[in-house]
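Everything on this sheet refers to the single structure shown next.
Please read these numbers as outputs of a predicted model, since none were measured by experiment. We name chains A, B, ... by the order of the sequence lines, and we start the count at 1 in each one.
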2 protein chains.
Amino acid sequence: MTAAMREANAGEGLTERQGAVLEQALRLLVDGGEKALTTAGIARAANCSKESLYKWFGDRDGLISAMIGFQASKVRTQDVAAKALDAESLERHLIVFAKDLLEVLAGDVSLALNRLAIGQASRDGSKLGHMLQERGRRQIGRRAAALLEAGRKAGLLTFDDADEAYGALYGLIVSDWHLKMLLGEEAGEMKKGFGRKAEQAVAAFLTLYGTKR
Amino acid sequence: MTAAMREANAGEGLTERQGAVLEQALRLLVDGGEKALTTAGIARAANCSKESLYKWFGDRDGLISAMIGFQASKVRTQDVAAKALDAESLERHLIVFAKDLLEVLAGDVSLALNRLAIGQASRDGSKLGHMLQERGRRQIGRRAAALLEAGRKAGLLTFDDADEAYGALYGLIVSDWHLKMLLGEEAGEMKKGFGRKAEQAVAAFLTLYGTKR
DNA sequence: CCCGATCAGTACCGTACGGTACGGTTCGCA
DNA sequence: TGCGAACCGTACCGTACGGTACTGATCGGG
């Protein structure tokens with residue numbers, strides 16, 4: 001087994017070296033926005049040659065796609081074990097989910113990648129947008145769906161359309177915070193309100209879809 | 001009175017000619033994204049010279065700011081006359097508000113300007129983001145706030161924190177649709193669901209904050 | 001000990017954009 | 001009629017980026 005073959009690890013077909021390069025690229029993107037994400041800049045920051053970048057990723061778009069895939073592969077969410085739920089534990093799980101969701105959306109890398117994909121939505125036929133949606137959102141969406149389904153099976157929640165219920169939960173949690181952060185609102189101060197916000201949102205959601213009362 | 005002096009009209013310090021130029025610039029932005037928003041392209045589309053663009057707007061950023069201000073000045077929302085509200089008319093007003101909000105957010109120009117501001121959020125210290133927030137969002141926010149306040153005064157709604165109530169209303173209406181559209185999801189098919197979505201959101205909101213039952 | 005592959009570093013090319021300068025034209029005004 | 005301001009169209013300049021080509025160094029395998 002050669003060294004070249006023992007490197008496949010990141011869930012994609014990526015070398016360790018390539019992963020490190022993508023890491024530097026993400027760093028550049030977070031710090032300086034899309035303008036800073038230049039091939040020469042990445043090569044300089046990652047101590048590699050432009051030629052290698054093009055050999056590995058094809059072109060700039062391929063590199064960006066690889067960045068999204070790489071980041072998504074790092075934040076796989078583990079599903080909660082579907083153990084017995086009572087009203088209190090369901091609420092606790094929902095609050096944890098809400099906090100996690102807000103934390104993820106407020107993360108540096110998430111914001112930077114979303115900004116990048118949104119900025120390119122007009123030119124590339126929303127290829128990056130679909131990718132981000134598929135590999136990022138779907139994960140956390142499935143976690144929520146599992147939670148909601150478990151709640152319904154336990155007789156704690158009642159809804160016909162799971163997507164509708166999830167939409168309400170998402171909206172109550174996030175409201176317009178995500179957009180405000182994407183537009184540049186300082187996320188630092190907002191993070192302190194996440195806990196309270198999560199609890200309020202879950203309380204409202206349970207009022208709408210809970211069977212308790 | 002010279003012709004040059006009768007032109008101040010658009011609520012800004014803008015000439016008719018300058019307004020027409022900004023119109024063309026918005027058209028370019030909507031059709032081709034930020035990449036298509038080039039000084040040469042605007043000059044060509046508007047039949048004016050680049051020199052005039054720089055004379056009127058300073059530089060590219062100034063032109064973009066002027067575009068935002070110009071668009072905002074066109075979509076001033078008229079407040080509903082604060083007449084007597086009963087439960088049914090409040091619900092009707094809320095549903096109209098919800099539909100309007102969804103229509104505005106799904107509009108070509110709104111999406112394009114939001115994409116532009118988000119794409120530049122990293123480089124310009126979110127100057128455009130604040131401008132968009134201030135001149136666009138605040139308007140519709142005030143309309144909602146007035147509606148909620150009227151509902152409370154009429155004894156139809158109950159809430160302590162108006163911002164919290166508005167956040168819930170906004171989240172229930174918009175959920176993650178805005179982000180999906182910003183990422184490039186085809187808005188055409190979604191618009192058909194706006195009516196139902198608006199009614200559901202308002203029903204949920206009234207369940208949370210209404211005094212009816 | 002040598003061969004071939006890989007890769008860093010750099011130089012290079014074409015292009016496109018932001019911004020400026022200039023010649024020619026229109027038009028209001030005295 | 002003549003002057004001056006505004007302005008269009010275009011040419012021009014510097015720069016920066018995406019992508020390619022070349023050179024030399026490192027390293028694993030035979």
Can you classify the ring geometry of A:Phe159 versus A:Tyr209 as parallel (below 30°), tilted (30 to 60°) or perpendicular (above 60°)?
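Perpendicular.
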
Regarding [X] and [Y], does a basic nitrogen lie under 4.0 Å from an acidic carboxylate oxygen?
X	Y	value
A:Asp61	A:Lys127	no
A:Arg123	A:Glu34	yes
B:Glu164	A:Arg196	no

Passing option when B:Glu23 is tested against B:Gln71, B:Lys74, B:Met67 for side chain to side chain contact (heavy atoms under 4.5 Å, CB included):
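Going through B:Gln71, B:Lys74, B:Met67 one by one, the side chain to side chain contact (heavy atoms under 4.5 Å, CB included) with B:Glu23 is satisfied by B:Lys74 alone.
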
Between atom [atom1] in [X] and atom [atom2] in [N], what is the gap in whole Å?
X	N	atom1	atom2	result
B:Asn47	D:dA6	CG	C1'	16 Å
B:Leu53	C:dT20	CG	C1'	13 Å
A:Arg17	D:dC27	CZ	P	13 Å
B:Glu51	D:dC13	CD	P	17 Å
B:Gln18	D:dA6	CD	P	12 Å
B:Lys55	C:dA21	NZ	P	13 Å

State whether the side chain of A:Arg115 and the backbone N or O of A:Leu182 hold a donor-acceptor pair below 3.5 Å, judged by distance alone.
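Side chain of A:Arg115 to backbone of A:Leu182: a pair is present.
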
Quick test: give all pairs of protein nitrogen or oxygen and nucleotides 14-18 of chain D nitrogen or oxygen below 3.5 Å, distance rounded to 0.1 Å.
{"from": "D:dG18", "atom 1": "OP1", "to": "A:Arg60", "atom 2": "NE", "distance (Å)": "2.7"}
{"from": "D:dG18", "atom 1": "OP2", "to": "A:Thr38", "atom 2": "OG1", "distance (Å)": "2.9"}
{"from": "D:dG18", "atom 1": "OP2", "to": "A:Thr39", "atom 2": "N", "distance (Å)": "3.0"}
{"from": "D:dG18", "atom 1": "OP2", "to": "A:Thr39", "atom 2": "OG1", "distance (Å)": "3.1"}

Kindly say if B:Trp56 contacts the phosphate of D:dA6, meaning a side-chain N or O under 4.0 Å from OP1 or OP2.
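Negative; the distance criterion is not met.
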
Is the distance from OP1 or OP2 of D:dC8 to the nearest side-chain N or O of B:Ser52 less than 4.0 Å?
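Answer is yes, contact under 4.0 Å.
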
